[in-house]
Amino acid sequence: MRKIFIIEDEQDIIQAVHDELKKWGYDVTGVSDWDNMIAEVKEADPVLILMDITLPMYDGFYWTQQIRSFSQVPIIFISAADFDQNAVRALMIGADDYLVKPFSMDLLTAKVQAVLRRVNAVQEKSLEKFGCELNLLTNDLDFQGESVRLTPTEGLIMKLLMLNANQTVSKKKLISALWQGNDFIDENALNVNLSRLRGKLSTLEGPLQITTVRGQGYRLEEKL
């Protein structure tokens, strides 16, 4: 069974998530020892992680940064408030999506399936544009021997922009491709992921730039 690791300390939520996702063929595993949580994540080797913010030891932001140091596994954050600064911060440090408590099990399932669909949709191995190469299996973006690691969501955004280089890609098209037209997605989630992606492009110091076309969308261009 495909394994999902839930980093959460509320047993009723863990049980509800387990019971729901089991119907869809997922094995949900929770934390048994907070002192050795990272080791448990590595041993579980999950296809996706559900991450709460408030935890018994440190918080979800800390653990996400720890996990991102060795894995690009998709992470869905669980937030106690609507799309606020916590959710923005989660996306900025590498989360792929977020859920607002209390959430329905139908919405949870839809988000899990949407994230995993886009992660598993890779067919080509790489794309190249303006001298930069995107490895579609690892989400590494390379330029002249330098490399930056993208999250699965950032990687898919870059893929869409590279496939449509020098053309404007609408926000609607990006949201539809990323989250399968999910009506629950806040446009802020796209904006935060684009901001994070731009930051990584700047550290790579390559020729790629993402230009905002006011009222229309975004365009990947070569720096002049």
Side-chain angles (χ1 to χ4, degrees), residues 2-8 10 13-14 16-18 20-21 24 26 28-30 41 46-55 59-68 71-122 136 139 149-161 169 171-200 218:
R2 294 166 294 176
K3 187 166 290 186
I4 291 178
F5 199 91
I6 180 168
I7 302 176
E8 165 69 68
E10 295 185 34
I13 293 180
I14 295 173
V17 169
H18 175 274
E20 177 64 22
L21 293 183
W24 297 89
Y26 298 103
V28 178
T29 301
V41 171
V47 297
L48 183 143
I49 291 174
L50 295 172
M51 178 76 72
D52 195 9
I53 292 179
T54 304
L55 297 167
D59 58 25
F61 306 118
Y62 171 84
W63 291 120
T64 294
Q65 291 175 314
Q66 295 300 304
I67 291 168
R68 281 288 173 258
S71 174
Q72 291 301 304
V73 61
I75 297 175
I76 297 178
F77 251 72
I78 300 172
S79 176
D82 203 349
F83 198 99
D84 58 5
Q85 291 305 308
N86 280 338
V88 172
R89 182 181 175 191
L91 292 168
M92 289 297 290
I93 63 173
D96 294 277
D97 207 338
Y98 69 97
L99 275 167
V100 177
K101 290 182 180 180
F103 52 84
S104 71
M105 290 298 109
D106 286 342
L107 177 56
L108 167 70
T109 302
K111 284 184 174 288
V112 167
Q113 292 178 337
V115 168
L116 292 178
R117 272 198 301 270
R118 68 176 184 261
V119 169
N120 296 327
V122 175
L136 297 174
N139 290 311
R149 175 64 59 87
L150 308 181
T151 67
T153 299
E154 294 164 356
L156 187 49
I157 292 174
M158 180 55 65
K159 176 184 176 181
L160 292 170
L161 293 175
V169 182
K171 286 186 176 183
K172 183 178 180 180
K173 182 175 181 179
L174 284 168
I175 291 174
S176 178
L178 291 170
W179 292 286
Q180 307 298 312
N182 193 329
D183 293 336
F184 297 97
I185 286 297
D186 192 306
E187 191 174 295
N188 281 325
L190 175 61
N191 295 337
V192 170
N193 275 284
L194 277 161
S195 175
R196 193 173 60 191
L197 179 55
R198 281 172 163 148
K200 291 184 177 181
Y218 303 94

**Asked** Of all residues at least two apart in sequence or in a different chain, which pass the side chain to side chain donor-acceptor pair (under 3.5 Å) check with Gln66?
**Response** none
**Fill in**
So CD1 of Ile49 and OG1 of Thr29: to nearest 0.5 Å the spacing works out to 11.0 Å
**Fill in**
When rounded to the nearest 0.5 Å, the distance separating CG of Leu160 from CD1 of Ile157 is 8.0 Å
**Prompt:** Residues in salt bridge (Lys or Arg N to Asp or Glu O under 4.0 Å) with Lys171, at least two apart?
**Reply:** Glu187
**Prompt:** Can you tell me how far CG of Asp97 sits from CZ of Phe77, rounded to the nearest 0.5 angstrom?
**Reply:** 12.0 Å
**Prompt:** Side chain of Thr109, backbone of Met105: donor and acceptor closer than 3.5 Å?
**Reply:** yes
**Asked** Is the shortest heavy-atom distance from the side chain of Leu197 to the side chain of Leu150 under 4.5 Å?
**Response** yes
**Request:** Can you sort out the partners of Ile14 under side chain to side chain contact (heavy atoms under 4.5 Å, CB included), two or more places apart, ordered by chain and number?
**Result:** Ile6, Glu8, Gln11
**Request:** Would you please name every residue forming a side chain to side chain contact (heavy atoms under 4.5 Å, CB included) with Thr54, sequence neighbours left out?
**Result:** none
**Prompt:** In Å, rounded to the nearest 0.5 Å, how long is the span from OG1 of Thr153 to CE of Met158?
**Reply:** 13.0 Å
**Request:** Please name all residues satisfying side chain to side chain donor-acceptor pair (under 3.5 Å) with Lys200, sequence neighbours left out, ordered by chain then number.
**Result:** Glu154
**Complete:** Distance col, row Leu21:CG vs Leu50:CG, nearest 0.5 angstrom, shows 7.0 Å
**Request:** Could you pull out the closest heavy-atom pair between Phe5 and Val41, with the gap in Å?
**Result:** CE2-CG2, 3.7 Å
**Prompt:** How far does CG of Asp59 sit from CE of Met51, to the nearest 0.5 angstrom?
**Reply:** 9.5 Å
**Prompt:** Who pairs with Arg149 by salt bridge (Lys or Arg N to Asp or Glu O under 4.0 Å), at least two apart in sequence or on another chain?
**Reply:** Asp140
**Asked** So, is the end of the Lys173 side chain (NZ or CZ) under 6.0 Å from the ring centre of Tyr218 and within 45° of the ring's axis?
**Response** no
**Asked** Who pairs with Val47 by side chain to side chain contact (heavy atoms under 4.5 Å, CB included), at least two apart in sequence or on another chain?
**Response** Arg2, Ile4, Leu116
**Request:** With sequence neighbours left out, write down each residue that passes side chain to side chain contact (heavy atoms under 4.5 Å, CB included) with Ile93, or none if nothing qualifies.
**Result:** Phe61, Thr64, Gln65
**Asked** With sequence neighbours left out, what residues match Asp52 under side chain to side chain donor-acceptor pair (under 3.5 Å)?
**Response** Lys101
**Message:** Between Arg68 and Asp96 (salt bridge meaning N to carboxylate O under 4.0 Å), is one present in this structure?
**Reply:** yes
